[in-house]
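Before any comments, here is the structure.
The structure presented is a predicted model; accordingly, all values stated were derived computationally and were not measured.
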Amino acid sequence: MKRIVSILSLLILLISCKEIAIANNLKPKNDIKVKNITELRNAIKSSTAGDNIILANGIWKDVEIKFYGKGTKENPIVLKAETPGKVFIEGVSNLKLAGNFLEVRDLYFKNGYTPSNAVIQFKINNDSIANNCKVTQCVIEEFTQPDRDVSDHWVEFWGRHNELSNNYITGKSNFGPTVRVFLDGNEHVNNYHQIINNHFGPRPRKGGPHGETIQIGDSETSMTPSYTNVYNNFFDRCNGEVEIISSKSNFNEFKNNVFFESEGSLVLRHGNYAKIDGNVFIGNDKSDQMGGIRVVNTGHWITNNYFYKINGNSFRSAIAVMNGIPKSSLNRYNQVTDVVVAHNSFIDCKSPWQFSVGSNVSQKEVLPKSEIRSARPERVVIANNLIYNEIADTNPIVNYDKVDGVNFKNNFINNENKSEVKPAGLITSDFSVNKAATDLFILKENNPDVYAGFDFETITKDFFGNDRTAANNSVGAIVNPIKTNPILVDKSRFGTNWFLVEKPKAAVNKITVSSSAELVNQLKKAVSGTIIVLKSGTFKVDETLLIDKEITITSSDAKKRSKLVFTAAKTAFEMLPKGNLILKDIILMGNKSQNAFTTLDKNMSKAYDLSIENTEISNFKNVLEVSKGSFSDTVLVNNSVIKDCDNAFLLNKETNDGGDYNAEFVTFTNSKFDNIQGLVLDYYRGGYDESTIGGNLKLQGNTFTNCGKAQPEHILIKNRGIVFVEISNNTFTNNPVKTIAVLWGEKGQEPVNNTITNSGKFEIVQNLEMKLMY
């Protein structure tokens, strides 16, 4: 009897303990509302598992938040906004987390920048790191450094099992990846971080390297296991540089992401054994800079991806398989081996498969042996892929070296392959596709003629997650039947549930002015998008006009253009961050002592744009002179006259030879340049670096007369290091120079249909010697 009583007592005790444990896990939440940084610090210090620390609505300015504590999986400690989107973190501010099971949500970072390496960092210091912590439902919008050359990250991952989910992150314009995963030390490897369901909004072109949206590891940790998962994210016009994602560690997975009109690629830059499955790459013919997947290193599986209208070439082709460097150092290019590219669909893509990309044996005269990429891909399987083009693309394969290490099996194309490489495993077949949804095209009927290679039985799902079975399988990314009313890109899946990404456009505001004082006053009050119309006559302006928004200045009568005559000491117009000036149908005059346009000397945090249309500019020292840290997305001169100036456009201050440059697109069309004493253009990019788009110069249909007489090097146009150059259908007459421009033969640059009279000549340098950056 005593033994029975003892057993019953033990059972009662065990049940009681279990009930206590359940009660603890389900304890009521403790809401702690704080109104200032002192209250916040006290709340964090005393917080326990299950507490909700609530930031009062309003602006929290110049706050450095250290959020630490020990929550549990069932009862995390939560730091959140009183109302989502109404707690603004502004000024010089940041957030650091350390501990276990912490959650941050609903905060809005704007109008500021971080004083440290990161806006949000999953560690406080090397001894206090975060594990099992989450940042969700937050917005980071243009929280960028005043100086573009200052490096930071907006989110830094440290520790293990941390999560960035359902956030909207946009507008980073300074040096450094937006999101960076660190693997420095055992406590940060095998981390299984989750980057999921985020909307990465537009990242503007940076004009140099180190503008990735996500970087996982670095060259020093490139052989380290990370296991970071990047799932279900929307990369929306992420144009920072050619690497949208730079994977530099092992065993990372990229699934079900959408890359929408983003100039760059998902790049397996270092590291091995990545899985890339079920992603969407949409170019929409918007640019030949938009790419897909670039492959380096070994063991990757690339399956079930959908590529639509990707027109990128070489480093930015839909599939770019690189050549490596024999015995490569960690920070360069290892040989591609043992990679599988299977069951992908390429719809209306231009030359989607490119092999031995980066082969540079022809440049051995100007590069050291350690930089020569001569190791061709080996043991690469390209199988069960679908290539469809409404208008035939007869060159689907581009090879920069022999393609002897690639095995093509059961790939199908709907037109003849006239490429140099004609493998038996790329089969021309008369098949049709149906348009199932916007940008989504699928086979009318499954093609079950699939290759069953080693481990191919592990490809058990298609793009939509439907089963691939022995009885129902197909080449390409998608297997029929598909669900009714499919959606290729469902934007509701990404980002926060409270922030409005697509804001309505404001109505055009047009203001007519009749005096200089009125012009100055209205410009100061104008909102972005304003059109200022000058009545006919002369406007004498004795001060510099500041441009920090989109402004159009035009004449009321294009046939009787108004005159803007400046006596300001330094410059007529000063371009500020986010300034976008459109001068149209104007006569702009100086007094030879000032510039027409300049940028701020420092703190050019964001890009500016300048468009000159049907405008005459004369009597300035320089037309445009920029500062080192400035960057213009577009400088456009169209149907205009530039005359009687010392120099025209000086985009030449980024001379660190690190791949940076001062403008992305420089375009002069159908314009006249007359009596420019020095350089018509100095557009400079230094450093041997392929991680940037490299600048774009277009000179078409222009006339250059009596220019360059005071240029000490006797050259008219400098474009050193700019990658994409078109000089065509121009007329050069009586320009007393020896050289019009030096073109880079390796990049395919050559003058086309230009007329030259007493104006020197073009020089073509096949292999341009550049300073190594590594």
Any chance CG of Asn186 has more than 12 other-residue heavy atoms, nucleotides or ligands included, within less than 6.0 Å?
-> no
Thr114-Asn117 side chain donor-acceptor pair, cut-off 3.5 Å = no
Nearest-0.5 Å distance, CG of residue Asn521 to OG of residue Ser516 | 12.5 Å
Around atom CG of Asn497, are there more than 12 heavy atoms of other residues, nucleotides or ligands at under 6.0 Å?
-> yes
Output yes when a side-chain donor or acceptor of Asn174 lies under 3.5 Å from a complementary backbone atom of Ser151, and no otherwise.
-> no
Hey, are Arg269 and Asp218 close enough for a salt bridge, meaning a charged N less than 4.0 Å from a carboxylate O?
-> no
Classify the angle between the aromatic ring planes of Phe251 and Tyr227 as parallel (below 30°), tilted (30 to 60°) or perpendicular (above 60°).
-> parallel
Verify whether one side chain among Asp152 and Gln145 offers a donor that lies under 3.5 Å from an acceptor in the other.
-> yes
Identify whether the distance between the nearest side-chain nitrogen and carboxylate oxygen of Glu625 and Lys653 falls below 4.0 Å.
-> yes
Side chains of Glu142 and Thr144, donor plus acceptor under 3.5 Å | no
Can Asn94 and Ser116 be counted as having a side-chain donor-acceptor contact under 3.5 angstrom?
-> yes
Quickly, which of Arg203, Glu212, Lys172 forms a side-chain hydrogen bond (donor to acceptor under 3.5 Å, both in side chains) with Thr178? Name it, please.
-> Arg203
Cut-off 3.5 Å, side chains only: do Glu253 and Tyr231 have a donor facing an acceptor?
-> yes
Of Asn191, Asn162, Asn250, which meets side-chain hydrogen bond (donor to acceptor under 3.5 Å, both in side chains) against Thr228?
-> Asn191
Nearest atoms (heavy-atom pairs only) where Ala568 meets Thr571 | CB-O, 3.5 Å
Minimum heavy-atom distance between Cys138 and Asp106, given as atom pair plus value | SG-N, 3.6 Å
Looking at Asp660 and Lys206, does any basic side-chain N land under 4.0 Å from a carboxylate oxygen?
-> yes
Go through the side-chain N and O atoms of Tyr108 and Glu141 and say whether any donor and acceptor fall under 3.5 Å apart.
-> yes
Indicate the atoms forming the closest heavy-atom contact of Leu95 with Val104, along with that distance.
-> CD2-CG1, 3.7 Å
Note: Asp633-Arg205 ion pair, threshold 4.0 Å (strictly below) = yes
Closest heavy-atom pair and its distance - Glu518, Thr512 = OE2-O, 3.7 Å
Closest heavy-atom pair, Asp149 versus Phe175, reported as atoms and distance to 0.1 Å, is O-CB, 4.0 Å
Can you check salt bridge (Lys or Arg N to Asp or Glu O under 4.0 Å) on Arg105 and Glu103, steps first, answer last?
-> CA-CA 7 Å; Arg105 60 185 307 121; Glu103 181 176 320; 2.6 Å; yes
Using a distance-only test with no angle check, is there a side-chain donor-acceptor pair under 3.5 angstrom linking Asn198 and Asn233?
-> yes
With no hydrogens and no angle check, do the side chains of Gln121 and Glu156 hold a donor and an acceptor under 3.5 Å apart?
-> yes
Derivation of the salt bridge (Lys or Arg N to Asp or Glu O under 4.0 Å) call for Lys491 and Glu502 | CA-CA 11 Å; Lys491 292 183 181 180; Glu502 297 179 0; 3.0 Å; yes
Between Asn197 and Arg493: side-chain donor-acceptor atoms closer than 3.5 Å = no
Knowing that exactly one of Trp158, Phe143, Phe182 qualifies, which makes a ring-ring contact (aromatic ring centres under 6.0 Å, His included) with His153?
-> Phe182
Do Asn252 and Ser247 have a side chain donor and acceptor closer than 3.5 Å?
-> yes
In this structure, which one of Phe494, Phe281, Phe259, Phe254 forms a ring-ring contact (aromatic ring centres under 6.0 Å, His included) with Phe235?
-> Phe259
Going by an N to O cut-off under 4.0 Å, is there a salt bridge joining Glu654 and Lys628?
-> yes
